[in-house]
Structures are given as C-alpha cells and as structure tokens.
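First up is the structure itself, then whatever we jot down about it.
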Number of protein chains: 2
Amino acid sequence: MNLRQLEYFVAVAEERKITTAAKRLNITQPPLSYEVSALEKELGVKLFVRRPRGVDLTDAGRVLYARATTILGLTESAAREVADVGLGREGTLAIGIISSSGGQVPNDRMRALAKDYPRVSLVLNEGNT
Amino acid sequence: MNLRQLEYFVAVAEERKITTAAKRLNITQPPLSYEVSALEKELGVKLFVRRPRGVDLTDAGRVLYARATTILGLTESAAREVADVGLGREGTLAIGIISSSGGQVPNDRMRALAKDYPRVSLVLNEGNT
DNA sequence: AATGCTTACGTATTGCGTAATGATT
DNA sequence: AATCATTACGCAATACGTAAGCATT
C-alpha cells in the first residue's frame with residue numbers, strides 16, 4: 001500500500017466511476033482499474049462492487065475511504081509544516097537588546113510578528129553592546 | 001513524498017546513521033542516502049545535519065519524525081482494520097429468530113460473540129418460520 | 001587506515017499508455 | 001450499439017545494487 005494507491009482509491013470512491021476518476025487523475029482508465037484490484041488483492045478485501053454503470057463502495061471500502069482521506073490530509077499538512085519550519089516560520093527566535101536602550105522594545109512590531117507566525121517563540125535577552 | 005520515503009526517513013532518524021538504517025531496511029547505503037536527499041529536496045528543507053560519525057536531526061527533521069510515525073502507524077492500522085471488515089469481524093450481524101422458539105435466545109453465546117468481535121453489531125429479528 | 005556519506009552508472013522493477021476483450025443495458 | 005470495466009503487452013520512469021570518490025578522525 002502506498003500514498004499514490006490511496007489517492008487513486010479516493011478518486012474512484014468519490015467519482016464512483018473508474019473512467020471519471022482516471023480523467024481527474026490525468027491517467028488512463030486501465031492502469032487505474034489495475035491499481036484498484038492490486039490494492040484489493042494486497043488488503044485481501046473487495047473495496048468496490050462492480051456495477052454496469054460504475055462501482056459502489058463495499059463496507060470495507062467505506063472504512064478505507066475514511067482512513068485514506070485522513071492519511072492523505074495528514075501527509076499534506078505534514079509537508080507544509082516541515083517546510084515552514086525550514087523557512088523559520090516555527091521555532092525559537094532569540095532577540096538580543098542592549099542595556100543602553102533603556103529597556104525599550106518595539107512591542108507593536110513583536111506583536112505583529114507573533115500574530116503572523118504563531119508557532120514562533122520569542123525570547124528576549126538583555127546584555128551590553 | 002511517499003510512504004516508502006517516510007519509512008526510510010524514520011529508520012535513519014532512529015538509527016542516526018544511514019549505514020545502520022540501510023541494514024535495518026535490507027537495502028544498501030547509497031540508495032538510502034540518495035532517497036534522503038531527494039526527500040529534503042522535495043520538501044525544500046534539510047532534515048539531517050551530516051556529521052563525521054553519522055547524522056543528526058534538524059528542527060524540521062524532528063517535526064517530520066513525529067508526523068511520519070503517526071502517518072505510518074495510521075496506515076498500518078487502516079490496513080488491518082479494512083482487512084478485518086472484509087473478514088466479517090466488523091459490521092452488522094442480523095440474526096432471525098422464529099416466534100415459536102418462545103423468545104429464547106442463546107444469550108451466553110451472543111455475549112461471547114460480542115466480546116470476541118467488539119465491532120460487530122448484533123440485531124435480532126423475530127418472525128415466523 | 002577506518003568509518004560513513006555522496007556521486008555515478010547500469011540493471012531490474014514498476015507504472016502507465018495503447019490495444020484488444022468482456023459484460024451489461 | 002453504447003458504456004464501463006478488465007486483461008495483455010510494450011515502453012518509460014524509478015528504485016536499487018555496484019563501483020568509485022570525498023571527508024573526517
């Protein structure tokens with residue numbers, strides 16, 4: 001089982017037709033049909049019942065649909081989140097201020113920063129020049 | 001990004017050495033090294049810092065590790081769950097009883113069934129023969 | 001010298017497209 | 001006849017192994 005197969009499965013489950021799902025996935029219909037049966041074989045379960053005008057989800061298919069959408073959503077958000085960390089949109093930002101500034105801190109700017117990047121922790125360190 | 005890459009990444013993150021992780025995954029070390037950089041390139045983030053004696057997770061790597069283990073765990077349990085449904089270990093089991101039985105139901109057996117298959121719903125229907 | 005990561009390259013596996021076939025209305 | 005799925009097969013993309021190179025201790 002892999003993420004591509006889950007995407008394919010979700011498309012078929014939502015379109016209820018392998019042909020339409022294939023169009024949505026920008027592939028042709030036979031490989032999609034093949035991948036669906038491969039997934040069924042691997043899981044040891046029929047996911048769809050084949051009807052003359054399309055396919056219907058089985059009980060097992062309905063369970064997989066719920067799980068698959070969760071997994072795919074998690075995967076996508078994980079990628080975004082990790083990329084954000086790399087861009088410095090998450091983590092700890094340590095800011096040094098010098099004593100001679102008299103303790104003046106640009107509070108409005110820091111509030112704006114905290115609002116735009118809610119997952120960044122701000123730490124202030126006071127010292128000499 | 002695919003599940004195989006996430007498995008590879010998790011192995012490296014846990015072993016802290018690409019060489020050791022490759023052994024655990026039963027592949028050789030160069031392709032694993034290659035896949036890790038491919039994942040980093042795709043996410044646009046360094047996941048490890050390369051050290052003379054192995055690798056260390058970056059902040060982004062630590063975030064991905066948490067998400068990856070979740071996703072892989074969910075995937076595995078989804079597969080088991082779906083297979084279970086296919087085996088009839090989940091769903092609704094409708095049992096018909098005939099009026100002439102005087103309303104006698106084998107309660108102990110049904111309790112045992114409900115205990116062994118907690119996700120099976122039992123429904124009793126009374127009718128004639 | 002030893003350990004561990006990276007780059008380069010050839011082969012084997014896998015994914016997808018095209019073509020032909022099957023089944024139902 | 002039309003619609004939608006499956007099976008068969010060839011090509012293209014991808015994953016992995018082997019070989020060689022680089023860096024650090």
Side-chain angles (χ1 to χ4, degrees), chain A residues 1-62 64-65 68 71-72 75 79 86, chain B residues 1-62 64-65 68 71-72 75 79 86:
Chain A
M1 184 159 63
N2 57 53
L3 292 176
R4 188 178 45 83
Q5 282 179 317
L6 291 183
E7 280 173 36
Y8 285 8
F9 165 78
V10 165
V12 174
E14 289 176 353
E15 301 293 342
R16 298 194 162 272
K17 276 182 194 168
I18 295 184
T19 305
T20 316
K23 272 182 196 132
R24 171 171 146 189
L25 294 166
N26 291 312
I27 64 172
T28 54
Q29 175 259 332
L32 181 54
S33 171
Y34 181 86
E35 281 299 325
V36 169
S37 3
L39 185 57
E40 289 178 322
K41 195 167 289 179
E42 181 185 341
L43 295 174
V45 174
K46 286 270 169 256
L47 299 169
F48 299 100
V49 280
R50 275 67 171 177
R51 306 265 184 225
R53 295 288 170 206
V55 298
D56 281 345
L57 281 169
T58 61
D59 284 351
R62 268 183 285 273
L64 183 60
Y65 179 74
I71 290 168
L72 292 173
T75 303
Chain B
M1 186 161 60
N2 58 54
L3 292 176
R4 188 178 45 83
Q5 282 178 317
L6 290 184
E7 280 173 36
Y8 286 8
F9 166 77
V10 166
V12 174
E14 289 177 352
E15 302 292 342
R16 299 191 161 274
K17 275 182 194 171
I18 297 184
T19 305
T20 316
K23 273 184 195 131
R24 170 171 145 189
L25 294 166
N26 290 313
I27 65 173
T28 55
Q29 174 260 329
L32 180 55
S33 171
Y34 181 84
E35 281 299 325
V36 169
S37 2
L39 184 58
E40 290 179 322
K41 194 167 290 181
E42 182 184 341
L43 295 174
V45 174
K46 286 270 169 256
L47 299 169
F48 299 101
V49 279
R50 275 66 171 177
R51 305 265 186 226
R53 295 288 171 207
V55 297
D56 282 345
L57 281 170
T58 61
D59 284 350
R62 269 183 284 274
L64 183 60
Y65 179 74
I71 291 167
L72 292 173
T75 303

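Protein chains get the first letters and strands the later ones, always in sequence-line order, with residue 1 at the start of each.
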Between the protein and nucleotides 9-14 of chain C, which nitrogen or oxygen pairs come in under 3.5 angstrom?
none

>> Please report the distance, rounded to the nearest Å, between NZ in B:Lys23 and P in C:dC5.
In response: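 Answer to the nearest Å: 10 Å.
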> Could you give the CZ-to-C1' distance, from B:Arg50 to C:dG4, as a whole number of Å?
Replying inline: 12 Å
>> If the condition is salt bridge (Lys or Arg N to Asp or Glu O under 4.0 Å), which residues does A:Lys46 pass it with, not counting sequence neighbours?
In response: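 A:Lys46: salt bridge (Lys or Arg N to Asp or Glu O under 4.0 Å) contacts with A:Glu40.
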Do you know the tightest heavy-atom contact between [X] and [Y]?
X	Y	value
A:Asn2	B:Leu3	CA-CD1, 3.8 Å
A:Thr75	A:Ile71	OG1-O, 2.7 Å
A:Val45	A:Ala60	CG1-CB, 3.1 Å

Tell me every residue that passes side chain to side chain donor-acceptor pair (under 3.5 Å) with [X], counting only those two or more places apart in sequence or in another chain.
X	result
B:Gln29	none
B:Glu14	B:Arg24, B:Tyr65
B:Asp56	B:Arg16, B:Arg51

> What pairs with A:Glu42 under side-chain contact (heavy atoms from CB on, under 4.5 Å), at least two apart in sequence or on another chain?
Replying inline: A:Met1, A:Gln5
> Would a 4.5 Å heavy-atom cut-off, applied to side chains only, mark A:Tyr8 and A:Leu39 as touching?
Replying inline: no
Find the distance between [atom1] ([X]) and [atom2] ([Y]) and round it off to the nearest 0.5 Å.
X	Y	atom1	atom2	answer
A:Ile18	A:Thr28	CD1	OG1	12.0 Å
A:Glu35	A:Leu25	CD	CG	11.0 Å
A:Leu32	A:Ile27	CG	CD1	4.5 Å

> Could you run down nucleotides 17-25 of chain C 5' to 3' and tag each one B, S or - for protein heavy-atom contact under 4.0 Å?
Replying inline: BBB----SS
> Tell me the ring-ring contact (aromatic ring centres under 6.0 Å, His included) pairs involving residues 37-56 of chain A, sequence neighbours left out?
Replying inline: A:Phe9-A:Phe48
> Which residue pairs pass the ring-ring contact (aromatic ring centres under 6.0 Å, His included) test when at least one of the two sits in residues 18-43 of chain B, sequence neighbours left out?
Replying inline: none
>> Expected output is a numbered-order residue list: members of residues 39-47 of chain A with a heavy atom under 4.0 Å from any atom of DNA chain C. What is it?
In response: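 Nucleic-acid contacts, sorted: none.
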> Does anything in residues 10-21 of chain A reach DNA chain C, meaning a heavy atom under 4.0 Å, and if so which residues?
Replying inline: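 None, since no heavy atom is under 4.0 Å.
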> What are the bounds, 5' to 3', of the part of DNA chain D that sits under 4.0 Å from heavy atoms of chain B?
Replying inline: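 From 5' to 3', the first and last contacting nucleotides are D:dA15 to D:dT25.
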> Base, sugar-phosphate, or nothing for A:Phe48, non-hydrogen atoms under 4.0 angstrom?
Replying inline: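 No contact.
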> Applying the side-chain contact (heavy atoms from CB on, under 4.5 Å) test to B:Arg62, which of B:Thr58, B:Leu64, B:Asp59 qualifies?
Replying inline: B:Asp59
